[in-house]
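Written below as structure tokens is the structure these notes are about.
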Amino acid sequence: TFPGEPKWKKTHLTYRIVNYTKDLPRDAVDSAIEKALTVWEEVTPLTFSRIYEGEADIMIIFAVREHGDFLPFDGPGKVLAHAYPPGSGFYGDAHFDDDEQWTKDTSGINLFLVAAHELGHSLGLQHSTEREALMYPVYDPRTDLTRFRLSQDDVDGIQFLYGSPPVSPNDPVVPTESVPPEPGTPAACDPALSFDAISTLRGEILFFKGRHFWRKSFRTFEPEFHLISSFWPSLPSRIDAAYEVTSKDTVFIFKGNQFWAIRGNEMQAGYPRGIHTLGLPSTVRKIDAAFSDKEKKKTYFFAEDKYWRFDEKTQSMEPGFPKQIVEDFPGVEPEVDAVFEVFGFYCFFSGSSQFEFDPNAKKVTHVLKSNSWLNC
Amino acid sequence: YPLDRAARANEDTMELVQQYLENYYNLAKDTKQFVRRKDSSPVVQKIQEMQKFLGLEVTGKLDSDTLEVIRKPRCGIPDVGFFS
């Protein structure tokens, strides 16, 4: 660690790619940075989301020579990059020397390897004396990118600062390496399984849990199992809520007081936005669950034991809310983890239980296990 | 300035090593100290510190392995001392 052991006091951090090198296509730079962040995300409770304007915790720039921080770069070779330990202002920022030849492979200087190293500094790690460590100060072009993994020294260092990723019996995997789990993981049928959020997406249903999601299509029997980051690299993990507005072909994803918009596998520009821009009161710090009724064009937001209703036509929160969940959805638990609409029913999820609610009859018609959708 | 090529190369190497120790191992920025007293104990100590940190054989001398590592591209953050 750096002297004084500086570290972030929060676990959800923002980053911004301020500019790009001309050596690589933009999506290759985006991908390298996202992959580099994932390296650290997978061994800590830390999560990252990208912003496109304003001040992020980690500002990423490409620059040559003097670039405003009194630590000028030195042309090709020698110094490749530098980064600052956690803190406000320029602290946490990562700078890359654009006089280097940045590449996706190791024919030049591999951006992913250097970014993963520099972001280690951004999170509070100093250099390691272990040659195998990512945090060793000297660039090693012989690294096998296909088998890249953190050394135990890197993991020990970062977990000294932030601890291990949260583990619960419901977690589908305990990711210690960048290896996605096989589809059909047995944890899907854990009787205690709960979900973070559920949303429809173009006729499929996505069940979010931790860093992963199950993708359930009505065309196939077996649900698929994926890392969230493999579809949407800049989305945070352990999200709070998600819902689809089919008329906009957009899924909105909520975590804390922010929300993102995705269309297919594309992140939409201009996000994340604050949840209070939707008209929720400032006392609401996070959303537990949300869904949008296609027919009525109303979106329901659930937080603790209350809910609000948003009119998609007028794009405003309806008056007369919040209301108590138990009053208008009798039979449903007073607090919900996730909810989505299917075949005209509202499916509420609370812990390992699922409540199928008929909005016309205004009653719960079935109580099932949460993971019944995963063929369990 | 040295007129022959070998001496010039040696001079460049000394400068490189000095900058390396100044930048990454907190060697006091005193040019004369290093060029004229490269066998002085503070300099030898810094070379040893560098060799130990980088996992090299600790000789206190600028052997070929040490020089090879010094010439490799690297991160610009100092290995030891305060980052300011």
Side-chain angles (χ1 to χ4, degrees), chain A residues 1-4 6 63 67 69-87 90-91 94-97 99-102 106 108-110 113-122 124-142 153, chain B residues 5 8-31 34-35 38 43-84:
Chain A
T1 60
F2 288 96
H67 53 280
D69 63 358
F70 302 104
L71 289 173
F73 285 130
D74 54 4
K78 298 180 193 166
V79 173
L80 305 177
H82 56 226
Y84 294 85
F90 63 86
Y91 284 102
H95 300 170
F96 297 84
D97 186 349
D99 275 329
E100 310 304 335
Q101 182 64 42
W102 297 105
T106 50
I109 303 295
N110 180 264
L113 281 180
V114 177
H117 175 103
E118 296 307 328
L119 291 166
H121 289 313
S122 299
L125 288 187
Q126 241 291 17
H127 283 149
S128 169
T129 57
E130 305 272 330
R131 280 201 196 202
E132 297 74 27
L134 175 65
M135 295 313 294
Y136 189 70
V138 180
Y139 177 76
D140 183 3
R142 295 165 301 178
D153 192 54
Chain B
R5 195 176 296 169
R8 177 69 210 182
N10 188 50
E11 193 84 352
D12 288 347
T13 301
M14 288 302 119
E15 198 173 318
L16 175 70
V17 172
Q18 181 171 345
Q19 280 183 2
Y20 202 91
L21 295 177
E22 284 176 359
N23 289 343
Y24 306 120
Y25 292 91
N26 211 17
L27 178 71
K29 291 185 185 289
D30 181 348
T31 307
F34 189 72
V35 173
K38 62 190 176 196
V43 173
V44 171
Q45 278 176 11
K46 284 294 174 190
I47 293 172
Q48 287 175 332
E49 189 180 357
M50 172 184 68
Q51 289 170 327
K52 186 177 177 189
F53 190 93
L54 295 174
L56 300 164
E57 188 183 355
V58 181
T59 62
K61 295 175 183 172
L62 294 171
D63 50 58
S64 59
D65 286 349
T66 303
L67 288 172
E68 187 186 337
V69 171
I70 287 174
R71 290 195 176 100
K72 283 184 176 176
R74 59 161 288 154
C75 172
I77 304 294
D79 295 336
V80 298
F82 290 97
F83 183 73
S84 61

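Computed from a predicted model, the values in this text were never measured in an experiment. The sequence lines fix the lettering, A, B, ..., with proteins before strands; numbering per chain opens at 1.
In this structure, A/F73 has its ring center under 6.0 Å from that of A/H67.
Between atom CG of residue B/L27 and atom CD of residue B/Q45 there is a gap of 11.0 Å, rounded to the nearest 0.5 Å.
Within 6.0 Å of atom NZ in B/K72, more than 12 heavy atoms from other residues, nucleotides or ligands are found, so the atom counts as buried in its surroundings.
When heavy atoms are compared at a cutoff of 4.5 Å, A/E118 approaches chain B solely by way of its side chain, counted from C-beta outward. Contacts between B/I70 and chain A at a heavy-atom distance below 4.5 Å are absent for every atom of the residue. Within the 4.5 angstrom heavy-atom criterion, only side-chain atoms of A/Y136, from C-beta onward, approach chain B.
The shortest heavy-atom contact between B/I47 and B/L21 is CG1-CD1, 3.9 Å.
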